[in-house]
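Note sheet for the following structure.
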Amino acid sequence: MNGANHTMLEIKNLRARVGGKDILKGIDLAVGTGEVHAVMGPNGSGKSTLAGVLAGRSEYEVTAGSVTYNGRDLLGLDPEARAREGLFLAFQYPVEIPGVNNAYFLKAALNAVRKHRGDPEIDAMGFMALIRDKMALLDMDQALMSRPVNDGFSGGEKKRNEIFQMAVLEPKLAILDETDSGLDIDALKIVANGVNALRSPNRSAIVVTHYQRLLDYIVPDFVHVLSDGRIVRSGGKDLALELEARGYGWLEAEAQPA
Amino acid sequence: MSTETQAIQELATREYKYGFVTDVEAEDFPPGLSEDIIRELSSRKGEPDWMLEWRLKAYRTWLTLKDPDWANVRHEPIDYQAIIYYSAPKRPKSLASLDELDPEIRKTFEKLGIPIDEQKALAGVAVDAVFDSVSVATTFKDKLKALGIIFCSFSEAVREHPDLVRQYLGSVVPYSDNYYAALNSAVFSDGSFCYVPKGVRCPMELSTYFRINAQNTGQFERTLIVADEGAFVSYLEGCTAPMRDENQLHAAVVELVAHESATIKYSTVQNWYPGDRDGKGGIYNFVTKRGHCRGANSKITWTQVETGSAITWKYPSCILQGDNSVGEFYSVAVTNNFQQADTGTKMIHLGRNTRSTIVSKGISAGHGQNTYRGMVKIGRNAANARNYSQCDSLLIGDECGAHTFPYIEIKNTSAQMEHEASTSKIGEDQIFYCRQRGLSTEDAVNMIVSGFCKEVFRELPMEFAIEAQKLLAVSLEGSVG
């Protein structure tokens, strides 16, 4: 990290509601190129809403603020346009799509991104060669490739499939929404390996998590604590350790308006 | 309303691309039905007396029957006296070659992508083209003739092969079978006839393309396919019609006969005009299709992709009389906007060790109503009969419906039956997931729908499987934006 990094994502005074209820109440956050930011906070603080708004989930209504992504107005783009521009969301609850082959799905997604970039489409043979290493990296069972997307996958398999997709699509900005939830320690390490393998000076990541545990393996450059729709504290990776030791209560108390 | 929901509601509405009208001079009968009309029709076609007598018996039976009211469809009563029962493009008495075909009609079929020039034809597909009430062209007749295969229009078969027609006509679907079959038997104007002799494997796909063009006209065609001992034939029909505000009736009959060790594959890609997005206009597709596995070890496979028509009422069925005979039914039926479909099959097991498979995929979008109605009947003597039925429904949006009516009748305790059914919905979360990976909503829906239908598509001949997939995409376009 150095001062020359340009800002990949800039969130200013972002407010959003769902079903008439205000969830995000003015978020300011800048993510530089090459940086990994952890967003932590108690349940209901707005972490998943923030991830969903960035990915373009339609049930979240943005009421104020702006998000600039590589110089463009992110909020003005369709979800698929955001994805093709390199924004990837690893879902907290990956969706099952019966009848659609997992490998076929990922190939279609990869080709949608490649087409957008002006790269030639990749054929089935090229695709299989491309995914071989990534499958090894995430210890993916070959059988999962020929099954329908997430259909009948265990919780851990679904999460690994998300990170596998991410490894294949090589996004510029990865947003991991509670990817650690429901993972045992071995699966957690595998997933973290997958994320770390993608770290590079030209990619960024936002890691949304409730627990410090994941951050032992994916070491963030910055940690932000979300409480009641606002970032109440930002710091380095030590902040996560402090939260682990003290819980969220003291920050929430501090954040109360006097 | 979220964008996904909006998208879902829009994916049912794209312009029907076959809706044009061909300007061609036609000879029409006055509207209405009577014995005189039938006599006129029969004499116009130069039919023998037995054919006329059969038509008149059918007509008299029809007068005693009532429209079926048990189907899960709704429509205004049909005024049978307002329908024109015969409309044929004017042309010379007989065509010496395909070159003499009216250029307008030739253009019509070219526009529809149906090759009636043999030079330009799809490799390995022979086509019989039916325009309103008559067959206008049949390709590759000579090539087939060399193998002893007869493939021609029904009218020609009545003239040239009267013994075969007489032997088989009505032997699977008698004229008294049901209301629409009786009507068809009285007034059918043309259709296709095919006979494959003993031990011959038909080397190309045979295909009939039905086109309705004239206004206020009903299309009543008959198809009769006979596969003699050990023969094999694969047959495909396709259909389109212009866009009109009033409903038009299409009441066809298809009869298949498979003798010992013969196999018939019959595939349909039905894309009659479905009506507009408010449910105005469209074809009433009331069709009786039945196959008879007459000999031992025979096999009949029905595969249908039904995307068109305002109302579809059809149950392609198999009578499994020969021991070890096999009946199969693979169906994709799509109802979008205000389309209604009540479709399925009947598998009638009479012989020993007979087997049947039913795979039905219903897709409902918009305000579409999709009904699967299927019967499996196992007779007293059908020892060791087996049936497997799978019946899946996919819903797109909140205003459509899927209904399933399975009927099972078993009179032999050695029968084995399996029935699986499922209903699923394309969810907003699925579409969002696909979009987050870079796919458009439309691609996402197509991918999910294709995945849902793949067991049926793989039963279609290759070129048509691709066509069917495209057609499906078009019929659902706009139901998700």
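Just the heavy atoms: all of them, side chains too, but no hydrogens, waters or symmetry mates, feed the values below. Letters A, B, ... mirror the listed sequences (proteins, then strands); counts begin at 1. Bear in mind the structure is a predicted one, so any value in this text is a computation, not a measurement.
- Both cation-pi conditions hold for Lys361(B) and Phe452(B): the charged atom is under 6.0 angstrom from the six-membered ring centre and inside a 45 degree cone around its axis.
- Of residues 100-124 of chain A, those residues with a non-hydrogen atom less than 4.5 Å from any non-hydrogen atom of chain B are, in numerical order, Val100(A), Tyr104(A), Phe105(A), Ala108(A), Ala109(A), Ala112(A), Val113(A).
- In the model, Lys159(A) has a side-chain atom that pairs as donor or acceptor with a side-chain atom of Ser181(A) under 3.5 Å.
- Under the 4.5 Å side-chain criterion, counting only non-hydrogen atoms from C-beta, Ile311(B) is not in contact with Asn285(B).
- Among the residues in residues 138-152 of chain A, those with a non-hydrogen atom closer than 4.5 angstrom to a non-hydrogen atom of chain B are Val149(A), Asn150(A).
- Of the atoms belonging to Ile97(A), heavy atoms from both backbone and side chain fall under 4.5 Å from chain B.
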Please report the C-alpha distance between Trp302(B) and Phe329(B) in whole Å, then the side-chain angles of each, then the deciding distance to 0.1 Å, and finally whether the ring-ring contact (aromatic ring centres under 6.0 Å, His included) criterion is met.
CA-CA 5 Å; Trp302(B) 295 102; Phe329(B) 173 75; 8.2 Å; no

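- Ion pair Lys265(B)/Glu459(B) flagged as a salt bridge, since at least one NZ, NE, NH1 or NH2 atom sits closer than 4.0 Å to an Asp/Glu carboxylate oxygen.
- When Gly451(B), Gly438(B), Ser424(B) are compared by the number of non-hydrogen pairs under 4.5 Å with chain A, Gly438(B) comes out ahead.
- Taking a 6.0 Å sphere around CZ of Arg84(A), one finds it holds more than 12 heavy atoms contributed by other residues, nucleotides or ligands.
- Evaluation of the side-chain hydrogen bond (donor to acceptor under 3.5 Å, both in side chains) test over residues 165-180 of chain A, restricted to residues two or more places apart or in two chains, returns Ser48(A)-Asp177(A), Lys134(A)-Glu170(A), Gln165(A)-Tyr433(B), Gln165(A)-Arg437(B), Asp180(A)-Thr209(A).
- For Lys299(B), the side-chain hydrogen bond (donor to acceptor under 3.5 Å, both in side chains) test picks out no residue, with sequence neighbours left out.
- Looking at Cys434(B), the atoms closer than 4.5 Å to chain A (heavy atoms on both sides) sit in the backbone and in the side chain alike.
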